[in-house]
Amino acid sequence: QVQLVESGGGLVQPGGSLRLSCTASGFTLDHYAIAWFRQAPGKEREGVSCISSRDGSSYYVDAVKGRFTISRDATANTVYLHMNSLKPEDTAVYYCAADYQIVGCPYYTSHPGYEFDYWGQGTLVTVSS
């Protein structure tokens, strides 16, 4: 079965850390650009970060720059989103999406309505004391 599965969400206090995973089955993630999005209650989905399949470069939106890090593990067929210094405004359902890369990461993260090849089901991150 071809699918993307996110995991690693949960409840964390402000200032804490989480690592989200985006694991593929049925296809190899190395050939795909992977973008992370999030959607907070009552808000539109927004881009967070992306890692390119072309050169491994990463991209972050300003709201998470310096706090989040995206990385690949080819052996695990997984992309991670390491989230540090979490804030209450980071609370959202986080989704990963994969595209057999055509455009660049800045485009992917600014177009959550883009027709990605695969989407995960989402994982909830709650930042609260």
Side-chain angles (χ1 to χ4, degrees):
Q1 185 177 2
V2 177
Q3 61 178 354
L4 276 178
V5 177
E6 301 99 333
S7 62
L11 174 64
V12 62
Q13 292 188 343
S17 299
L18 281 175
R19 187 186 73 170
L20 304 185
S21 300
C22 173
T23 301
S25 58
F27 67 103
T28 302
L29 272 185
D30 271 2
H31 302 152
Y32 290 76
I34 305 300
W36 283 94
F37 295 88
R38 65 186 181 186
Q39 188 165 18
K43 295 188 176 182
E44 294 186 351
R45 188 171 296 186
E46 62 176 2
V48 175
S49 181
C50 174
I51 187 163
S52 172
S53 64
R54 294 169 177 169
D55 58 6
S57 60
S58 55
Y59 177 83
Y60 305 92
V61 298
D62 287 345
V64 306
K65 202 171 292 183
R67 300 189 297 122
F68 290 11
T69 303
I70 192 170
S71 63
R72 287 186 189 267
D73 183 342
T75 58
N77 209 24
T78 297
V79 168
Y80 300 104
L81 186 68
H82 306 260
M83 306 187 297
N84 298 318
S85 302
L86 283 162
K87 306 174 182 180
E89 51 264 42
D90 294 318
T91 295
V93 177
Y94 283 71
Y95 301 88
C96 63
D99 191 58
Y100 200 83
Q101 190 156 3
I102 299 175
V103 296
C105 271
Y107 186 90
Y108 285 128
T109 52
S110 62
H111 291 79
Y114 180 86
E115 289 190 15
F116 287 88
D117 294 324
Y118 305 105
W119 280 93
Q121 83 291 347
T123 185
L124 176 63
V125 172
T126 303
V127 185
S128 175
S129 54

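Numbering starts at 1 and runs along the sequence shown. Predicted model only: the values in this text are computed from it and were never measured.
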- Message: I'd like to know whether Leu81 forms a side chain to side chain contact (heavy atoms under 4.5 Å, CB included) with Ser49, so could you lay out the CA-CA distance, the side-chain angles of the two residues, the decisive distance to 0.1 Å, and finally the verdict.
- Response: CA-CA 8 Å; Leu81 186 68; Ser49 181; 4.1 Å; yes

- Message: Does any part of the side chain of Trp36, heavy atoms only, come nearer than 4.5 Å to the side chain of Thr109, both counted from C-beta?
- Response: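 No - every pair of side-chain heavy atoms lies 4.5 Å or more apart.
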
- Are the side chains of Phe27 and Leu4 in touch, meaning some heavy atoms are under 4.5 Å apart?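 Contact flag for Phe27/Leu4 side chains = yes.
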
Give the cluster check for [X] versus [Y]: same hydrophobic cluster or not, with ILVMFWY residues linked at side-chain heavy-atom distances below 4.5 Å.
X: Val2; Y: Tyr32; answer: yes
X: Tyr100; Y: Ile34; answer: yes
X: Val61; Y: Ile70; answer: yes
X: Tyr94; Y: Val64; answer: yes
X: Leu20; Y: Tyr118; answer: yes

- Measure up the Phe37 and Trp119 rings against each other and bin them: parallel (under 30°), tilted (30 to 60°), perpendicular (over 60°).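 Answer is tilted, since the angle falls between 30° and 60°.
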
- dist Glu44:CD -> Gln39:CD (nearest 0.5 Å) comes out at 8.0 Å

- Task: Would you give the length of the straight line joining atom CG of Leu86 to atom CD of Gln13, rounded to the nearest 0.5 angstrom?
- Result: 11.5 Å

Looking at [X] and [Y], what are the two nearest heavy atoms and their distance?
X: Ser129; Y: Pro14; result: N-CD, 3.7 Å
X: Gly9; Y: Val125; result: CA-CG2, 4.1 Å
X: His111; Y: Phe116; result: O-CE1, 4.1 Å
X: Ala33; Y: Gln101; result: CB-OE1, 3.4 Å
X: Ala40; Y: Ala92; result: N-CB, 3.7 Å
X: Ala24; Y: Leu29; result: CB-CG, 3.5 Å

- Task: Decide if atom NZ of Lys65 counts as having more than 12 heavy atoms of other residues, nucleotides or ligands within a radius under 6.0 Å.
- Result: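 Enclosed.
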
- Message: Tell me whether the count of non-hydrogen atoms from other residues, nucleotides or ligands lying under 6.0 Å of CD in Glu115 goes above 12.
- Response: no

- Yes or no on side chain to side chain contact (heavy atoms under 4.5 Å, CB included) for Gln3 and Ser25, after CA distance, side-chain angles and deciding distance? CA-CA 5 Å; Gln3 61 178 354; Ser25 58; 3.1 Å; yes

- Message: Distance alone, cut at 3.5 Å: any donor-acceptor contact between the side chains of Ser7 and Thr123?
- Response: no

- Message: Is it true that Thr28 and Asp30 share a donor-acceptor pair across their side chains at a distance under 3.5 Å?
- Response: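 There is no such pair between these side chains.
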
- Message: As a quick check of understanding, evaluate side chain to side chain contact (heavy atoms under 4.5 Å, CB included) for Ser17 and Asn84, giving each step before the final call.
- Response: CA-CA 4 Å; Ser17 299; Asn84 298 318; 2.9 Å; yes

- Message: I'd like to know whether Tyr108 forms a ring-ring contact (aromatic ring centres under 6.0 Å, His included) with Tyr114, so could you lay out the CA-CA distance, the side-chain angles of the two residues, the decisive distance to 0.1 Å, and finally the verdict.
- Response: CA-CA 7 Å; Tyr108 285 128; Tyr114 180 86; 5.3 Å; yes

- side chain to side chain contact (heavy atoms under 4.5 Å, CB included) with Arg72: which of Thr78, Ile51, Asn77? Ile51

- Message: What verdict does the side chain to side chain contact (heavy atoms under 4.5 Å, CB included) test give for Glu6 and Gln121, after you've listed the backbone C-alpha separation in whole Å, the side-chain angles of each residue and the deciding distance to 0.1 Å?
- Response: CA-CA 7 Å; Glu6 301 99 333; Gln121 83 291 347; 2.9 Å; yes

- Any salt bridge between Asp90 and Lys87, counting N to O under 4.0 Å?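 So Asp90 does not pair with Lys87 through a salt bridge.
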
- Residue pairs passing the disulfide (SG to SG under 2.5 Å) test where at least one lies in residues 50-95, sequence neighbours excluded: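 Checked against disulfide (SG to SG under 2.5 Å) - neighbours excluded - the pairs reaching residues 50-95 are Cys50-Cys105.
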
